[in-house]
Every structure is written in C-alpha cells, then in structure tokens.
Amino acid sequence: MNQLARQYGTYEKQEILLSMIKDIDLLFAKNDIAYSLCGGTLLGAVRENGFIPWDDDIDIMVNRQDYNKIVALFSNLGDSTNYCLRRYLWIDRIQRKDDSREGLLADTIDVFVMDNCPDNKIVRKLKVVLIKMLQGMMKVDHDLGNQSSFYKACLLITRVMGKPFSEERKFKWYHRIAQIGNRKKTEYMTGYTDLFKLLSLKYSGKLFDTIVRHQFEDIELPITSEYDSYLSTQYGDYMTPPKQEDRNPIHMSSD
C-alpha cells in the first residue's frame, strides 16, 4: 500500500479492502462472473497500480447478466462464505457478515451495474429522468446545502412521492427502469446505479468485450480494455491528481 495512505488515515481500511477483493476475485472466477474495477478504484489501478492514497472503498462494475449471477450467488452461498450482499439505497455492496456497520462507514466493495444507454435520444433522457426521480424517492437524508431552489423542490417532492412505497418495491422499479434498452446492443452504456451527477454520462458499449488483468497493489485484478475512454469520460485528465484540498476520503468522513 502507498505509505501516503497513512497520511489520509486510510491505510488500515485499504488493507482490509485488499483482502476482501482478493477473496471476491477468486469467488467470482470460480462462478464464471466477469467484472471490472471502476470509478476511483479503476483510476487508482491505472494511475497508481493500486489504491489512490485517500480512497476508502472499492468500486467494481458488471453488466446486467453478471449482476444477476452475483445476486443468485450470494442468495445460495449461505454459511459457506464470510461475505454477503447488502443494499445501501440503490447500490448493492459486498460486505463482511461480521461488519455490522451500515451506510457509508462499512468496509465495502460497491457493485455498479452497467446497462445499455438507449440510442433514441428521447428514450435516453426519459430513462435518466425516471432514475433520478427514483433516487429522490429512495434517499433517506437530503443534504440540501447550497443547492438551487429548483433542486431542493425536486428533492422534497420526490421524497414525499416515495413515502407510500416500500424500499423493496422502489428497488424493483429502479432496476426495471435501468434495463430499458437492454434488448439489443447499443453504442453506449451507462451506470444507472451510480451517483446522481453521473447518470447522464455515456461510456463505450464495448466495456465488457475485453477484460484484462492489471497490477493492483500485490495482485492483478480485472479492468476493462476501454479504461481510457471510461476514465476520460468520468474524470477528464485522469492522470493529473486533484488539488490537495480535494483529496478527501469520502466514506470515512460520513456520519
């Protein structure tokens, strides 16, 4: 691990996460589940050959077919594994069974599902609007902060809309909408289970066509061969680290 992680207070957490991803990588290989690192973890693999020093979780992405395999796998493993699949809002997370912490404080491997981004512009925009609406309906705490009046109004309205429905029902609706356009190959894919601000981003439809192994700390982990276009879309000039004041562990600082 990069010794700078000690400066950011993430060293011990990264040690745990590395042990977790080693176990999960073996488990997925045994069960024919393909995945790729994504988000900040993929960025770390490419730029650092490991964790970004201030990163405090692991992000992986899968296509819809392999996501379904993951759900079925953890439903059937029972006591034969120390890991489980837990949900935080609309995000599925792999977590140790003995880690009782909830929300952002737990040691997690976040699983992001990549679905087809409809080629039809109107359908594409409608899909994003519906997903954003459901995110508002599923959120527990709304940090209104310095948001615009329009944004605050939308959050409050969707929160009220979501109250009559169970979390399970809203989760099912969420994934049903996320699969719109999956019946045929499209030019782009989008992570509809990702953050609100990333829902309109379009990634190559070839994300999972070729997966290669890449150095990550003391092991090799799978990454998409389309990593350059993926990282450029999400981060722009991804090889240039952010300013010092923006290098903050996201989850460890959450209450």
Side-chain angles (χ1 to χ4, degrees), residues 10 17 35-46 51-52 54-64 67 85-95 102-117 124-148 150-152 154-156 158-159 162 167 170-171 173-175 177-180 188-204 207 224 227 229-238 242 246-255:
T10 56
L17 291 170
Y35 76 99
S36 168
L37 302 181
C38 69
T41 313
L42 177 57
L43 175 58
V46 173
F51 287 104
I52 295 172
W54 52 92
D55 204 1
D56 56 4
D57 73 343
I58 287 180
D59 300 321
I60 66 172
M61 61 181 174
V62 294
N63 63 22
R64 179 59 59 173
Y67 169 73
L85 195 65
R86 291 177 182 162
R87 185 192 313 154
Y88 177 69
L89 300 177
W90 51 86
I91 302 172
D92 285 287
R93 302 173 131 184
I94 298 169
Q95 191 171 333
E102 297 182 356
L104 299 175
L105 294 177
D107 299 321
T108 63
I109 299 172
D110 292 355
V111 182
F112 294 98
V113 190
M114 303 300 293
D115 287 292
N116 285 356
C117 180
R124 181 166 67 242
K125 288 187 175 182
L126 177 60
K127 184 175 179 179
V128 171
V129 168
L130 291 173
I131 288 291
K132 287 183 175 180
M133 183 178 71
L134 273 165
Q135 285 196 1
M137 292 170 64
M138 297 175 76
K139 284 181 179 178
V140 178
D141 297 313
H142 294 284
D143 181 11
L144 299 180
N146 297 320
Q147 303 293 342
S148 67
F150 176 76
Y151 184 80
K152 291 178 182 179
C154 289
L155 282 177
L156 292 174
T158 54
R159 184 174 190 175
E167 294 305 307
K170 287 182 283 190
F171 186 74
W173 286 344
Y174 196 103
H175 276 269
I177 293 169
Q179 294 179 69
I180 293 174
Y188 297 105
M189 303 183 82
T190 293
Y192 292 101
T193 58
D194 215 326
L195 299 175
F196 186 91
K197 64 182 180 180
L198 302 179
L199 292 175
S200 296
L201 296 183
K202 298 183 297 182
Y203 306 100
S204 169
L207 277 180
T224 173
Y227 69 86
S229 64
Y230 172 93
L231 292 173
S232 296
T233 297
Q234 191 162 133
Y235 299 103
D237 178 18
Y238 61 87
D246 295 327
R247 302 177 186 183
N248 301 309
I250 296 175
H251 302 83
M252 293 173 64
S253 60
S254 299
D255 296 327

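- Side-chain atoms of Thr224 do not come within 3.5 Å of backbone N or O of Ser36 as any donor-acceptor pair.
- Here the side chain of Lys202 pairs no donor or acceptor atom with the backbone of Cys117 at under 3.5 angstrom.
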**OP:** Check the pair Val111 / Ile94 against side chain to side chain contact (heavy atoms under 4.5 Å, CB included), numbers first and verdict last.
**Re:** CA-CA 7 Å; Val111 182; Ile94 298 169; 3.9 Å; yes
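- For the residue pair Lys132 and Ser200, the shortest heavy atom distance occurs at NZ-OG, 4.1 Å.
- Side chain of Thr41 to main chain of Asp59: a donor-acceptor pair is present (N/O by atom type, distance under 3.5 Å, no hydrogens or angles).
- At distances below 3.5 Å, not a single donor-acceptor pair connects side-chain atoms of Thr233 with backbone N or O atoms of Tyr203.
- Distance alone, capped at 3.5 Å, places no donor-acceptor pair between the Arg159 side chain and the Lys139 backbone.
- For the pair Asn63/Met114, no side-chain contact is recorded, criterion being any heavy-atom separation below 4.5 Å from C-beta on.
- Looking at Tyr230, its side chain does come within 3.5 Å of a backbone N or O of Gly39 through a donor-acceptor pair.
- Applying the side chain to side chain contact (heavy atoms under 4.5 Å, CB included) test between Tyr67 and each of Thr193, Asp92, Asp115 identifies Asp92 as the sole match.
- Put simply, the side chain of Tyr188 never gets that close to the backbone of Leu201: no donor and acceptor are under 3.5 Å apart.
- Here the CG atom belonging to Leu85 is positioned 10.5 Å from the CD1 atom belonging to Ile109, to the nearest 0.5 angstrom.
- Residues Gln135 and Tyr174 bring a donor and an acceptor atom of their side chains to less than 3.5 Å of each other.
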